[in-house]
Amino acid sequence: MRVCHPSLAICCLIVCLLAPVVETCAQFDSLGLNTKWRTGSIVLEDNSILKGLVQFNDKLGMIKFRKDTDSAEESFVETSVLAMRLYDEDEARPRNFATFNVKDESSGQQLAMLFEILMEFENFALLARVERVNIGVRARQDGFGNYRLVKVGYEQFEHLCLVNEDGIATVVLAVSEFERDKLSFASKLKPYLDKRALEKYLGDGWDRFEGLVKTNKLNLRRRDDFIRAFEYYRQAK
């Protein structure tokens with residue numbers, strides 16, 4: 001897939017210019033659909049900036065904003081947000097997001113998607129995108145040999161991508177969280193790792209990267225180990 005607009009540098013600059021404000025929390029409802037309100041800022045498509053409290057729910061793909069605890073809430077879809085910054089107290093760090101137009105080469109369609117910018121390197125950046133929670137399905141065969149899809153629970157996928165200076169984005173790792181239905185025996189899908197894409201983006205740094213993975217006994221199919229490998233690589237650079 002290809003990232004077309006805006007450029008990574010512009011989005012990163014906008015996000016870094018956003019300043020923190022104050023944080024509060026919202027209680028989870030009975031369905032667990034609400035997340036905490038975080039100190040944050042949003043850059044909208046018209047380049048206007050909102051500073052206050054941000055609620056980002058990756059399970060539903062929803063972004064909400066309010067200036068303070070007494071203000072009315074505003075809701076935004078991803079396509080109306082150019083960049084976003086929020087401070088995650090649970091992880092004790094700011095989180096930066098930017099929206100890119102992603103082109104699917106097979107269909108020719110372009111979709112605006114919100115990515116979290118995890119790390120920047122000289123010639124590429126590491127991004128993450130958590131998809132909405134969807135119904136998990138698996139193929140099952142009936143007594144006549146026919147296959148059909150059946151619901152087995154709920155799944156949420158996360159894609160880790162590398163984006164180069166030309167704006168070409170490639171999914172290099174896909175992992176998922178799976179909540180199985182009580183009567184189902186389905187198992188979690190195995191992670192997808194594109195090692196060839198890793199080698200292509202890292203170029204001359206691949207041998208060093210691979211050495212760090214082996215030295216630190218990391219499994220690149222595990223999300224945390226994958227990110228940790230890039231942290232070691234950044235330190236080595």
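Just so it is clear, the structure is predicted and the values come from calculations on it, not from any experiment. Note: hydrogens, waters and symmetry copies are ignored here, and every other heavy atom, side chains too, is used.
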Carefully, step by step, assess Tyr201 and Asn123 under the rule side chain to side chain contact (heavy atoms under 4.5 Å, CB included). CA-CA 8 Å; Tyr201 277 86; Asn123 299 317; over 6 Å; no
More than 12 foreign heavy atoms under 6.0 Å from [atom1] of [X]: is that the case here?
X      : atom1 : answer
Arg140 : CZ    : yes
Glu177 : CD    : no
Glu73  : CD    : yes

For residues [X] and [Y]: do they belong to one hydrophobic cluster (side chain heavy atoms under 4.5 Å, members Ile, Leu, Val, Met, Phe, Trp, Tyr)?
X      : Y      : result
Met119 : Val175 : yes
Val137 : Tyr147 : no
Phe121 : Leu212 : yes
Val77  : Met62  : no

Heavy-atom nearest pair, Asp46 first then Ser48, reads OD1-OG, 2.6 Å
Kindly give the heavy-atom pair with the smallest separation between Ala98 and Ile117, and that separation in Å. CB-CD1, 4.0 Å
Of all residues at least two apart in sequence or in a different chain, which pass the side chain to side chain donor-acceptor pair (under 3.5 Å) check with [X]?
X      : answer
Tyr154 : none
Ser75  : none
Asn216 : none

Main-chain N/O of [Y] paired to [X] side chain as donor or acceptor, under 3.5 Å:
X      : Y      : value
Thr170 : Val172 : no
Gln156 : Val130 : no
Thr215 : Gly211 : yes
Lys51  : Lys67  : no

Mind checking whether [X] and [Y] have side chains closer than 4.5 Å, heavy atoms only?
X      : Y      : answer
Met84  : Ser41  : no
Asn47  : Leu82  : yes
Glu199 : Leu202 : no
Leu86  : Thr39  : no
Leu162 : Leu127 : no
Leu44  : Phe76  : yes
Pro94  : Arg85  : yes
Val54  : Trp37  : no

Decide side chain to side chain contact (heavy atoms under 4.5 Å, CB included) for Lys190 and Tyr192; before the verdict, give the C-alpha distance in whole Å, the side-chain angles of both, and the deciding distance to 0.1 Å. CA-CA 7 Å; Lys190 294 181 179 180; Tyr192 163 81; over 6 Å; no
Residues 50-72 vs ring-ring contact (aromatic ring centres under 6.0 Å, His included), sequence neighbours excluded, gives Phe56-Phe97
Test side chain to side chain contact (heavy atoms under 4.5 Å, CB included) on His159 and Glu131 and set out the steps. CA-CA 8 Å; His159 298 109; Glu131 306 295 342; 3.3 Å; yes
Results of side-chain contact (heavy atoms from CB on, under 4.5 Å) for Asp90 - residues two or more places apart only: Lys36, Arg38, Asp88
Excluding sequence neighbours, so at least two apart, what forms side-chain contact (heavy atoms from CB on, under 4.5 Å) with Asn134? none
Residues forming a salt bridge (Lys or Arg N to Asp or Glu O under 4.0 Å) with [X], sequence neighbours excluded:
X      : answer
Glu155 : Arg138
Lys151 : Asp181
Glu122 : none
Glu78  : Arg129

Salt bridge (charged side-chain N to carboxylate O under 4.0 Å, His left out) pairs, two or more places apart, involving residues 206-219: Lys195-Glu210
Go through Leu198 and Trp206 one step at a time and tell me if the side chain to side chain contact (heavy atoms under 4.5 Å, CB included) criterion holds. CA-CA 8 Å; Leu198 271 177; Trp206 168 249; 4.0 Å; yes
Please tabulate, for the side chains in residues 224-236, all donor-acceptor contacts under 3.5 angstrom to protein atoms that are two or more places apart in sequence or on a different chain.
{"unit_1": "Asp225", "atom_1": "OD1", "unit_2": "Arg228", "atom_2": "NH1", "d": "2.9"}
{"unit_1": "Asp225", "atom_1": "OD2", "unit_2": "Asn219", "atom_2": "N", "d": "2.9"}

Can you tell me how far apart [atom1] ([X]) and [atom2] ([Y]) are? Round to the nearest 0.5 Å.
X      : Y      : atom1 : atom2 : value
Arg222 : Leu193 : CZ    : CG    : 13.0 Å
Ser184 : Phe178 : OG    : CZ    : 5.5 Å
Arg180 : Lys188 : CZ    : NZ    : 12.0 Å
Ser80  : Ile63  : OG    : CD1   : 7.0 Å

Salt-bridge present (Arg93, Glu116; N to O < 4.0 Å): yes
Can you spot which of Leu126, Leu220, Asp194, Leu160 makes a side chain to side chain contact (heavy atoms under 4.5 Å, CB included) with Leu173? Leu160
